[in-house]
Structure formats: structure tokens, C-alpha cells
**Student:** 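Right, I'll just put the structure down here and ask away after.
Only heavy atoms go into these numbers, but all of them, side chains included; no hydrogens, no water, no symmetry mates.
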Amino acid sequence: MHTNGEMERELRVFSLAIEMSIDGIIIGELSGKITYVNDAFLKMYGVSDKKDVVGRYVVEFIAERDRERAAQKSLECINTGKGFAGEFAALTMKGKEIPVEVTVSVMKDGNGKELGFVDIVRDVSERKQFFKKLEEHSAKLESMVEQRTKELSEAQDRLLKAERLAAIGELAGQVGHDIRNPLTSIKNAAYFLRKKQTSFVGGSGDEMLTVIDRSVEHANSIVNDLLEYSREIHLDLEEYSPKSLVDYVLLLVNTPSSIKIVDNTQSFPTIWVDASKMERVFINLIKNAVEAMPDGGKLEIVSRKNEDSVEFTFADNGCGMSKEVLAKVFTPLFTTKAQGMGLGLPICKRIIEAHGGKIAVESTQNKGTKFTFTLPIAHPDFKSQKLE
């Protein structure tokens, strides 16, 4: 058995340990009334004197939103005689909420009779702030990794595109060298026969020479398309209105009488474009629409201001395209036509992108197709840039 002196020493040690604890400690009755708190509790809750706490109830130091849960836990603790641990929002004397971890134990005498409770309270504000910052840092890292992955993917796409353009350029150079010379010879020979040997050639022969001329021109246009698609695009920008560009193109294009073209382009705002290159885009889109309406139809051309750009739409009510064809319309060397290399729309896309714009297409079979592209309303200084 412990002597009275030994018990006093143990009590002093126990009391000293409580006072030196960095955690707040509360001792109280089963009713929740506080009978003792240590200095760490006073510091945590912003209390200057223990007299301001002793005699009050623990629930007063819990934020309103957590009081019902804390009361329920305390009641379970009394009924079962078992302690509990949990996190609550504490309320300081100045009304500030702080997150705390609370461990509650029931005090019993030697006979197991419940005498009161002991709460150990730990301020976890710094830990929560640390984990919050850790989560923010983790989210930032994930965002950086995602962005970097996107940049690498875009860089790879640009590399593949550059390699593809280089391959096409090399092919175009070989084709231009190997085909243009014999094409020139054929064209010159046809010209000689038409001008110098009229009596020998005759009427039907003249028709055949016309076929030869057209075939040479078609073959030469294929070589030109290959060269144009593979080379860098340099722009000579000048200021034009959308309507002036379309008006000029409509003078150049011959369309069947069965095709009705509705021009709803506007004169403002003006845009800075390379007119010769944009004319090619307009002509290509108009010709595609005409070919999609062999039995006649309507093509509507519209321009409208869209924030800092001008949006053009070319909408026809022709045969439309299937989803499979639609997905490949801007793919080089893909075509559904009997003639051509499938470079018309890819070249149009490169020209528009060189201007800083974008192009998209929508189509439904047997209902029609709509091409939409934007061109930025750029400052004149823009024309000094070299664009690819």
C-alpha cells in the first residue's frame, strides 16, 4: 500500500505533468461542469484566468454547429463508461473557431463508480493548414503535369506534321522535276500541231488536242497543290472588307444556273488578309458546294463579327457527308472524288491557320454541309510577321 507521503508525491508529479502538457486538459463532473483546466487550455482558448473557466460547462467552448454532436457523444460516454475521440470546432473566448482533436475519458474510483471526465484537447489548426497547402501543392503539380503532357502532345503533333510536310515536300520536288518537263513538252507539241499542222490534224484532232491541254493543266495543278501544301506560307496582308473579298471571288467563279448563291457578307469590320490566298479558300469552298449539289440547290455565304474576329459560314443544302468522310476532310491526300489529290481543303486549313484563324465543318447526309471559319481582326503591324 502507498503511504500518504508517497500518494502526495504522485499527486504532485501528476499535477506537474498536467500543467506542463502542451495539450489543453479539462477535468470536470459528469454533468459537463468544468472543475479544472491547465495553462495550455487557457492559452488555446484565449483565457487569462482559470476562474473564468472553472464552473462553466464544456459545451460553451464548442462551436454551435458541433454542440449537438458533442452532447450526443458525451451522453454515450456516460452511458457506456467508455471514452471517445473526435474532431470538433472549438470556440475561443473571442468567438473564433479553431479545429481541435478531443480525447474524452471517464474517471472511476476503485469500485468502478464514475466520478467525472478528463478531456485532452489538441489544436490541429497548423496541421490542417499544412495538409491544405499540401493538397493545393499537389493539385498545382497535377495541373502542371497535365499542362506539360498537353504541351508535349502538341509538340509531338507539330513534329509529326512537320515530318509529313517534309515528306510531301520532297515528293512534290521529285514530281515537279520528273513530270513538269514532259508536261511542258506535251503542251508545246499540242500547241505546234494546232498552229502549224491544222490541215493534218482536222476537226476531231483539234478536240483531242484540247483534251491533251486540259489533262496537262490538271496534272500541273496537282504538282502545284503538292508544292503549295508542303512549303511555308508567307502572308502579304492588306485590309479588306469581307464583302469585297466575296464579291470579287463570285466574279471569278462560274456556277450553274441551278445553283443559287445568297451573299449575306458584311462590309464591316475590315480584316487584314492575304487576298490571293483567301480567294483560293473561298473558291475551293464554293466549288465544293457546287459539286455537292449536282441537281441544283442553294449556297448561303454569311459573315458576322464575333468578338475579336470575323466569322464566315458557307452553308449548302447538298448531299452532305458521312461521319467517316467528315472526320477526314482536312486530312492530306484523302479524297472521295474521281480526280484530285485531296489537298484542296488541307491547303485551305493551312491558309486560315496561317492567318491566325480556325476552320470547322458540320455535315449531315442528304441535308447539306456548313463550313465555318474565323479570321482575326488584326492590327496592321501583324502583317510584318512571318507565319507558317
Side-chain angles (χ1 to χ4, degrees), residues 21-25 40-47 61-70 72-73 84-104 119-166 232-233 235 272 305-311 326-328 330-331 346 349-362 372-379 381-382 384-388:
S21 173
I22 61 173
D23 296 326
I25 296 178
F41 176 90
L42 298 180
K43 183 178 179 181
M44 189 182 303
Y45 283 79
V47 183
F61 296 92
I62 299 175
E64 185 72 31
R65 57 191 173 91
D66 273 354
R67 287 181 182 178
E68 184 176 347
R69 181 165 63 92
Q72 184 178 0
K73 284 287 187 181
F84 71 88
E87 186 175 309
F88 298 89
L91 189 66
T92 68
M93 292 294 286
K94 293 183 178 181
K96 179 184 177 182
E97 288 190 13
I98 57 172
V100 295
E101 283 184 350
V102 180
T103 302
V104 181
D119 286 1
I120 300 176
V121 185
R122 175 169 294 178
D123 186 348
V124 293
S125 299
E126 290 185 1
R127 189 175 72 186
K128 279 191 165 293
Q129 289 176 1
F130 171 78
F131 280 112
K132 183 180 179 181
K133 289 181 179 179
L134 187 63
E135 288 177 0
E136 291 175 351
H137 185 64
S138 177
K140 185 177 180 180
L141 285 176
E142 288 180 5
S143 177
M144 290 173 63
V145 170
E146 183 178 350
Q147 179 63 26
R148 184 57 178 161
T149 302
K150 181 181 178 182
E151 290 174 356
L152 289 173
S153 178
E154 290 174 351
Q156 184 178 20
D157 289 342
R158 288 194 297 270
L159 179 61
L160 290 174
K161 183 178 180 180
E163 291 176 347
R164 184 170 64 247
L165 288 175
E232 292 181 354
I233 295 179
L235 302 180
W272 289 83
K305 185 178 183 299
N306 183 12
E307 295 182 356
D308 57 352
S309 64
V310 172
E311 180 183 273
L326 188 64
K328 298 179 180 179
F330 296 117
T331 302
K349 184 173 184 289
R350 288 200 67 214
I351 291 172
I352 291 169
E353 290 177 348
H355 281 80
K358 294 181 180 179
I359 184 169
V361 58
E362 304 171 40
T372 303
F373 64 89
T374 58
L375 294 174
I377 306 171
H379 188 272
D381 289 344
F382 178 71
S384 64
Q385 298 179 12
K386 171 186 171 183
L387 300 174
E388 298 181 3

**Student:** Do Leu235 and Trp272 have side-chain heavy atoms sitting under 4.5 Å apart?
**Tutor:** no
**Student:** What are the two closest non-hydrogen atoms of Asp123 and Pro99, and how far apart are they?
**Tutor:** OD1-O, 3.4 Å
**Student:** Looking at side-chain heavy atoms only, is the closest gap between Val104 and Asp119 below 4.5 Å?
**Tutor:** yes
**Student:** Inspect the surroundings of CZ in Phe130 and state if more than 12 heavy atoms from other residues, nucleotides or ligands are less than 6.0 Å away.
**Tutor:** no
**Student:** Table please: side-chain donor-acceptor pairs of residues 137-150 below 3.5 Å, with sequence neighbours left out.
**Tutor:**
from, atom 1, to, atom 2, distance (Å)
Gln147, NE2, Glu151, OE2, 3.3
Arg148, NH1, Glu151, OE1, 3.4
Thr149, OG1, Val145, O, 2.7

**Student:** Only counting residues at least two apart or in another chain, list the ones meeting ring-ring contact (aromatic ring centres under 6.0 Å, His included) with Phe88.
**Tutor:** none
**Student:** Which pair of heavy atoms, one from Gly357 and one from Pro376, lies closest together, and at what distance?
**Tutor:** N-CD, 4.1 Å
**Student:** Please step through side-chain hydrogen bond (donor to acceptor under 3.5 Å, both in side chains) for the pair Asp23 and Ser21, ending with a clear verdict.
**Tutor:** CA-CA 5 Å; Asp23 296 326; Ser21 173; 4.5 Å; no
**Student:** Would you find more than 12 non-hydrogen atoms of other residues, nucleotides or ligands less than 6.0 Å from Lys96 atom NZ?
**Tutor:** no
**Student:** Does this structure show an ion pair linking Arg67 with Glu64, if we count only N-O contacts that are shorter than 4.0 Å?
**Tutor:** yes
**Student:** May I ask you to test the Val100-Met44 pair for a side-chain heavy-atom distance under 4.5 Å?
**Tutor:** yes
**Student:** Mind checking the CG-CD spacing from Asp66 to Glu68? Nearest 0.5 Å is all I need.
**Tutor:** 10.5 Å
**Student:** Quick one: are Val121 and Tyr45 in side-chain contact, heavy atoms under 4.5 Å?
**Tutor:** yes
**Student:** Would the distance check show the side chain of Lys132 and the main-chain N or O of Leu134 forming a donor-acceptor pair, the cut-off being under 3.5 Å?
**Tutor:** no
**Student:** With a sphere of 6.0 Å drawn around CD of Glu87, does it hold more than 12 non-hydrogen atoms of other residues, nucleotides or ligands?
**Tutor:** yes
**Student:** Verify, without hydrogens or angle tests, whether Arg122 (side chain) and Glu101 (backbone) share a donor-acceptor contact under 3.5 angstrom.
**Tutor:** no
**Student:** Kindly compute the distance separating CG (Leu159) from CG (Leu152), expressed to the nearest 0.5 Å.
**Tutor:** 12.0 Å
**Student:** Under the salt bridge (Lys or Arg N to Asp or Glu O under 4.0 Å) test, which residues partner Glu154, sequence neighbours left out?
**Tutor:** none
**Student:** With rounding to the nearest 0.5 Å, note down the distance linking CD1 in Ile377 to OG in Ser309.
**Tutor:** 6.5 Å
**Student:** What are the two closest non-hydrogen atoms of Lys358 and Ile352, and how far apart are they?
**Tutor:** N-CG2, 3.7 Å
**Student:** Atom CG in Leu375, atom CG in Asn306: separation rounded to 0.5 Å?
**Tutor:** 11.5 Å
**Student:** Would you say that more than 12 heavy atoms from the other residues, nucleotides or ligands in this model lie under 6.0 Å from the CD of Glu307, or not?
**Tutor:** no
